[in-house]
Each structure stands twice: as C-alpha cells, then as structure tokens.
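Single-structure report; data block below.
Naming convention: chains lettered A, B, ... in sequence-line order (proteins, then strands); numbering from 1 in each chain. What's counted below: heavy atoms across the whole structure, side chains too, no hydrogens, waters or symmetry copies.
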Amino acid sequence: MYKDKSEVVFSDDASALIQKIIRRYPDGRQKSALLPLLHIAQAEFGGWLSAPVMDKVAEILNIQPIEVYEVASFYSMFNLKPVGRCVIEVCRTGPCWLLGAEDIVKYLEKKLNIKEGQTTADGVFTLKTVECLASCGTAPMMQIGQTYHEHLTCEKVDEVIDHYKNNTEGTISHWSKDKIKA
Amino acid sequence: MSRQLLLEHINTPGIRGIKAFREKGGYSALEKALKTMKPDEVTEEVKKSGLRGRGGAGFPTGMKWSFLAKPEGVPRYLVCNADESEPGTFKDRYLMSHIPHSLVEGMIVSSYALGANTAYIYIRGEMLYVYHILEEAIAEAYEAGFLGKNILGTGYSLDLYVHPGGGAYICGEETALLESLEGKRGNPRIKPPFPAVKGLWQSPTVVNNVETIAAVPHIINMSGDEYAKIGIGKSTGTKLISACGHINKPGVYEIELGVPVEEFLYSDKYCGGIRNGKKLKAVVAGGSSVPILPGEMILKTPTGEPRLMSYESLSEGGFAGGTMLGSGGFIVMDEDTSIVKNLWNFTRFYHHESCGQCSPCREGTGWMEKILHKFMDGHATLKDIDLLWDIQSKIEGKTICPLGDAAAWPVASAIRHFRSEFEDYVRNPEKIKDIKHYYRLNNLQPVS
Ligand SMILES: Cc1cc2nc3c(=O)[nH]c(=O)nc-3n(C[C@H](O)[C@H](O)[C@H](O)COP(=O)(O)O)c2cc1C
Ligand code: SF4
Ligand code: FES
C-alpha cells in the first residue's frame with residue numbers, strides 16, 4: 001500500500017509506453033490518455049486503482065485528481081478495491097444467460113467458496129459478473145485477463161481454475177504485462 | 001448467390017498479417033482511391049453504393065459524410081466505433097481479430113474522403129487483446145507506407161491510433177464515445193450540435209461502425225453502382241449477422257441483405273435450426289434493444305409475406321408487428337425460454353448501463369427492473385403489467401440519447417406479444433422456482 005503518490009513509481013517500460021500514448025492526442029488534449037493510462041496503472045499496481053495510484057496518474061496528465069476519480073468510478077473495468085491475482089469475469093447478460101451463465105456463476109461460487117464480488121481467502125481469485133463481452137455465439141463465457149474462456153461447462157471451469165490456481169505470474173491484467181514492454 | 005465481401009478471405013492462413021492480406025487484393029482500394037480519385041469522388045461512390053451504417057441505426061453513410069462541416073483551418077476527425085457491446089452482437093470483434101487490415105484500409109480510404117489527417121479506433125476495453133492485434137496491423141501499415149506522412153507519394157498524410165474504452169455500454173453511443181475519447185465519463189451530449197459540426201474536441205467528426213468502414217474498400221474496388229446491386233431495395237450490400245441463443249450453429253454469417261429469415265434460421269448454411277429439436281418461440285433480431293417478435297411473426301410479415309433479412313422487411317408492421325435489423329445481433333429463443341425472465345435480464349442490463357443523466361432513463365429502468373423482480377418473486381399483480389407499460393411509454397423518446405428507447409422497446413414488445421405469460425406469472429407464482437439466486441447475483445433484496 002502506498003501512503004501517497006510520491007511512492008507510486010511506474011516501471012521504465014510503462015513510463016515509456018505512457019509517453020508514447022500521450023503523444024497520440026493533440027497538444028493540450030493529454031487528458032484523452034486517461035483510460036489507457038488507467039489500464040496500464042491497473043496492470044502495474046496489483047489489478048486495482050488505489051487513491052495514490054490515481055493521484056499519480058493525475059500528476060502525469062497534469063489534471064485534477066477528481067477528474068481521474070470520476071472517470072475510474074464510471075467504468076466497470078476499473079477496480080477501486082483490492083482484488084485477487086486473477087479476476088474471473090463471467091458474462092451474465094441475456095444470450096449467455098439463455099445458455100446457462102447462471103449455473104456457471106453458481107458453480108464458481110461453490111467451488112471457490114465465495115460470493116460474486118468477493119475474493120478467495122488466499123487472494124488468488126476474485127469473482128465478478130460483467131455484461132455482454134461480444135462472445136455470445138460461444139456462450140456461456142468468462143474472461144480472465146486477456147483470455148476469453150468460451151463454451152463453458154463445469155468441467156471446463158475446473159480446468160481453467162486449476163490452471164490459474166498455481167499462478168505465480170502475479171496479477172493477470174487486461175493490459176498484459178508483455179505488451180507494456182515495448 | 002450469396003456474395004462474400006467482408007469475410008471472403010477469413011479462412012486464408014495468415015490473413016491477420018499484411019502479407020497475406022495484400023496477396024488477396026488488400027490495400028488495392030487504398031491505391032485506387034488515393035492515386036486516382038479525389039476525396040469527393042470517394043464520398044460519391046459511397047453515396048451511390050447505398051451503404052447504410054452497420055452500427056444499429058442504418059443511416060446512409062455517404063449522406064452522413066456529406067454533412068461533415070469543413071471550416072478552414074480546423075482539423076476533421078474520423079472515429080471508428082469499435083465499442084461493440086450491444087448484447088447479442090459479436091461481429092465487429094470477429095472481423096477485427098481475424099482481418100484487422102480490412103478495418104485499417106477502410107479507415108485510410110474513409111479518412112482520405114473526409115479530409116481527416118488523424119483518426120481513432122475506439123475499441124471497448126474488454127477487448128484489449130484485439131487492441132493489440134489492431135496495433136500490430138497499424139504498425140505494419142505504417143511500415144508499408146500506407147500510413148504516416150505523404151502516403152504513397154500522394155501528399156496525403158494520416159495518423160491512425162487505437163484507443164481503449166473502460167467498460168461501459170453507453171460509450172457505444174457516438175457522443176458518449178467522443179466524451180470518453182476525451183478522457184471523461186461517458187455521458188451522451190445533447191444534440192444538436194451533431195458530431196459532424198462539433199465532435200471530437202469540438203471539431204467536425206464522423207463516427208462510423210467497424211463494419212461500415214470495412215465495407216468502404218469493397219465499394220471503391222467494385223464501384224458504388226455495383227455494390228448497390230447486391231442486396232434488396234434500399235438494403236444494399238452484405239451484412240454481418242451474429243447469431244446466438246438456442247440454435248445449432250451460432251456464429252457470424254455474412255449474408256446478402258434480403259435472405260429470407262426462415263432460410264437464415266433453418267438452413268444448414270446459417271443457423272441450422274433450433275437446438276435439441278425444440279420449437280422456436282421468439283427472436284430478438286437486431287441486438288437486445290430491438291423489439292422481440294414471436295416465432296411466427298419473425299418468419300412472416302403482417303401481410304403474410306415471407307420476412308426477409310433487410311432493414312425494410314424486418315421493420316414491416318411498425319412497432320406493433322415488426323422489429324429492426326439493428327446491429328445484426330440475432331438472438332433466438334426456444335419454446336422453453338421464459339420471456340419474463342429474459343426481459344428482466346435485459347432490463348437489469350439497461351438499468352446497470354444507464355449513465356444517469358436523464359431521470360426517465362435512470363429511474364425508469366430501475367423501477368422496471370424492480371417490478372420484473374416482483375414477477376419472478378411471485379408477488380406481482382395484474383396491475384403491474386400496466387404499470388410496466390406505462391413506465392416504458394414515459395421513457396421512450398424523452399431522453400437525451402436513445403438508450404432510453406433501447407430500454408423501453410424490449411419491455412413494450414414483450415408485453416405486447418407475450419402478455420399472457422406475464423399474467424401466468426401472476427396467477428401461478430408456484431411455477432417460478434430458484435429465483436433467489438438472481439438476487440444474490442446482483443446483491444439485491446427480493447421486493448415484496
Ligand atoms: C446505447 C447505444 C449504444 C450503441 N452502441 C454502439 C456500438 O457498440 N457500436 C456501434 O457501432 N454503434 C453503436 N451505437 C450507435 C452509434 O451511436 C452510432 O449511431 C454509430 O456508431 C454510427 O455508425 P454507423 O453509421 O456506421 O452505424 C449505439 C447507440 C446507442 C444509443
Ligand atoms: S437516456 Fe439514459 S443513457 Fe442516455 S443520456 Fe439519458 S440517462 Fe444517460
Ligand atoms: S451475452 Fe455473454 S458474451 Fe454476449
């Protein structure tokens with residue numbers, strides 16, 4: 001945990017990428033880089049955005065911290081509380097739900113012994129439900145980091161969970177760490 | 001008979017890379033447009049093609065382009081809407097992840113027509129892996145001299161960037177998308193002014209869907225007139241339909257507009273019929289926002305003609321008897337589907353995704369969701385059906401952006417066509433089992 005933004009330090013690779021992204025917008029429009037920066041920050045700092053991390057992002061973009069908070073709280077991908085190393089996002093919208101998404105959530109809750117929105121005691125898994133991920137033809141499905149796990153059955157869920165159980169890579173983020181290294 | 005344009009080379013090995021893409025004729029439209037045509041001539045071809053926006057509203061693309069304001073000394077922007085979050089829709093992700101260069105080429109040709117020197121592809125954040133695929137494709141295009149300064153020595157320059165969203169359905173609405181691209185919350189803007197006059201950073205901007213833009217190179221290659229010959233009437237060209245739900249063969253299909261719905265649903269070439277030998281109950285033909293239609297009404301128009309997969313035929317019968325082609329998200333429900341539960345799920349979705357700016361949408365969607373809970377909890381009365389009807393009618397057309405309509409139409413159509421099912425929930429609540437789970441799923445308390 002950071003006390004304040006002065007303790008928040010992006011890796012060299014991330015800093016370089018951030019500068020590259022800021023240059024994509026016209027001078028004075030650097031605020032546009034906010035969403036990509038929040039993704040990178042979430043990948044760098046444990047899968048969630050603490051206030052010091054958001055303050056750091058505000059400093060980099062030369063905007064007010066409130067401008068970062070109001071955006072981070074609007075979008076569903078940003079976690080404002082600590083999460084497990086592996087966030088499981090199960091699609092709960094109509095088409096997936098027609099094909100059994102609800103049973104998948106139930107099964108995961110039982111298997112991980114947590115409720116939707118919670119994190120396992122060992123800090124490995126957080127279970128989230130999310131809205132349609134544009135994969136309705138391969139329903140039911142869930143996303144972990146960059147990966148779509150589709151055509152889910154209980155057996156398939158078992159396999160996926162086993163795979164991540166011994167995950168030692170640290171946080172599995174949407175913006176993969178490989179892609180931060182330029 | 002069925003023309004393949006967008007997906008013709010989808011199975012070619014390596015088509016994600018520029019080499020295979022060029023071997024299949026990719027980037028020929030770019031050369032043709034930039035070297036032999038004036039920008040207005042490109043727009044003219046698009047007008048002639050009759051191409052209509054593939055994002056949902058079906059607005060003629062060439063006309064939209066010609067509305068773009070062109071004040072001296074002010075930059076113009078092209079922004080591609082790759083936010084694809086309409087439930088049931090998964091065609092843009094498919095196209096971008098398999099043939100990313102078709103979008104990149106389309107962006108260059110379209111930007112040239114519009115006189116834009118900077119363009120952005122706004123892709124939903126959940127698809128960050130596709131973001132990286134597009135970035136690779138864009139890097140290849142720069143390398144080949146198709147992007148950057150003085151493209152192919154023509155004097156035209158363009159920079160193209162991808163921009164990720166953060167998870168918000170509303171950012172698919174074009175003005176919310178622009179707000180989001182400016183680094184703000186995705187609150188739709190009041191129109192006018194329209195983006196064509198004041199869009200990204202207050203500059204004239206065109207926003208188009210992925211599939212719309214990917215169609216442009218084909219129009220340039222074959223000519224607008226030839227493109228207009230594909231399809232039927234004012235529904236020209238081909239359309240990607242993403243089919244899902246209780247069918248044997250879910251997936252993305254490129255159809256020539258005008259294929260009979262029955263053929264699309266039952267032939268092995270497309271959906272392959274209903275799963276497990278069940279009967280068809282209902283179809284949501286164009287993404288979750290469009291009116292639901294019972295099986296017999298989706299197959300036939302109110303005058304008894306076979307219904308076709310086209311803008312006009314699907315909407316025949318108006319609100320009472322028709323629906324819309326929308327985004328092409330074709331959701332099929334079999335005889336065992338509960339329309340009420342499904343509606344609850346969609347309404348919950350719209351409530352969750354309302355940006356909260358307008359009270360009819362913010363309050364109305366939540367209220368409708370609660371009432372639908374009552375049905376599922378066995379506490380609803382017949383009056384609640386009328387109340388639902390009343391609320392949806394007070395949302396529709398009374399909000400800043402069309403999300404309000406999108407939330408109202410599923411409710412209105414479900415009541416219109418399946419009223420007896422709502423009544424059944426009131427009269428036989430013992431039929432409804434295991435619903436407590438839904439409350440848990442959403443951390444809600446049952447409403448009594
Ligand atoms: C709530 C809402 C969500 C939308 N989502 C999308 C979307 O995900 N993708 C899209 O292309 N258009 C979406 N649209 C339509 C856009 O506002 C806009 O009309 C479209 O991008 C224009 O492109 P087109 O003319 O090429 O279709 C949405 C509209 C609304 C009201
Ligand atoms: S209709 Fe709903 S989503 Fe659209 S601006 Fe109003 S509150 Fe926001
Ligand atoms: S409904 Fe789950 S991916 Fe679309």
Under 4.5 Å from a heavy atom of chain A, the part of [X] involved:
X	result
B:Arg185	both
B:Glu353	side chain
B:Phe330	neither
B:Asn342	both
B:Thr337	side chain
B:Tyr131	side chain
B:Ser338	neither
B:Glu179	neither
B:Ile247	neither
B:Val130	neither

>> In terms of relative ring orientation, are B:Tyr77 and B:Tyr120 parallel, tilted or perpendicular, with 30° and 60° separating the classes?
In response: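 Taking B:Tyr120 first and then B:Tyr77, their aromatic rings sit tilted (interplane angle of 30° to 60°).
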(message) Parallel, tilted or perpendicular: which one describes the rings of B:His98 and B:Tyr94, with boundaries at 30° and 60°?
(response)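 Geometry flag for B:Tyr94 against B:His98: tilted rings.
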Please check this pair: side chain of [X] against backbone of [Y], looking for a donor-acceptor N/O pair closer than 3.5 Å.
X	Y	result
B:Glu211	B:Leu240	yes
B:Glu335	B:Lys278	no
B:Asn248	B:Gly272	yes
B:Glu86	B:Gly329	no
B:Glu84	B:Asp92	yes

Residue, of [options], that accumulates the most heavy atom pairs under 4.5 Å with chain A:
options	answer
B:Glu182, B:His132, B:Met127	B:His132
B:Phe346, B:Trp201, B:Phe349	B:Trp201
B:Gly186, B:Gly125, B:Gly165	B:Gly186
B:Pro87, B:Cys355, B:Gly356	B:Pro87

Answer with side chain, backbone, both or neither: which region of [X] has an atom nearer than 4.5 Å to a non-hydrogen atom of chain B?
X	value
A:His39	side chain
A:Tyr148	side chain
A:Gln143	side chain

Of the listed A:Ser73, A:Ala72, A:Ser176, A:Ser76, the one with the largest count of heavy-atom pairs under 4.5 Å with chain B is A:Ser76
Heavy-atom closest pair (B:Leu181 atom, A:Ser32 atom, distance to 0.1 Å) is O-OG, 2.7 Å
Item checked: More than 12 heavy atoms from other groups under 6.0 Å of CG on A:Asp162 -> yes
| query | What distance do B:Ile121 atom CD1 and B:Met107 atom CE have between them, rounded to the nearest 0.5 Å? | reply |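 Between atom CD1 of B:Ile121 and atom CE of B:Met107 there are 5.0 Å.
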Q) Can you find a pair of side-chain heavy atoms, one from A:Val105 and one from A:Arg92, that are under 4.5 Å apart? A) no
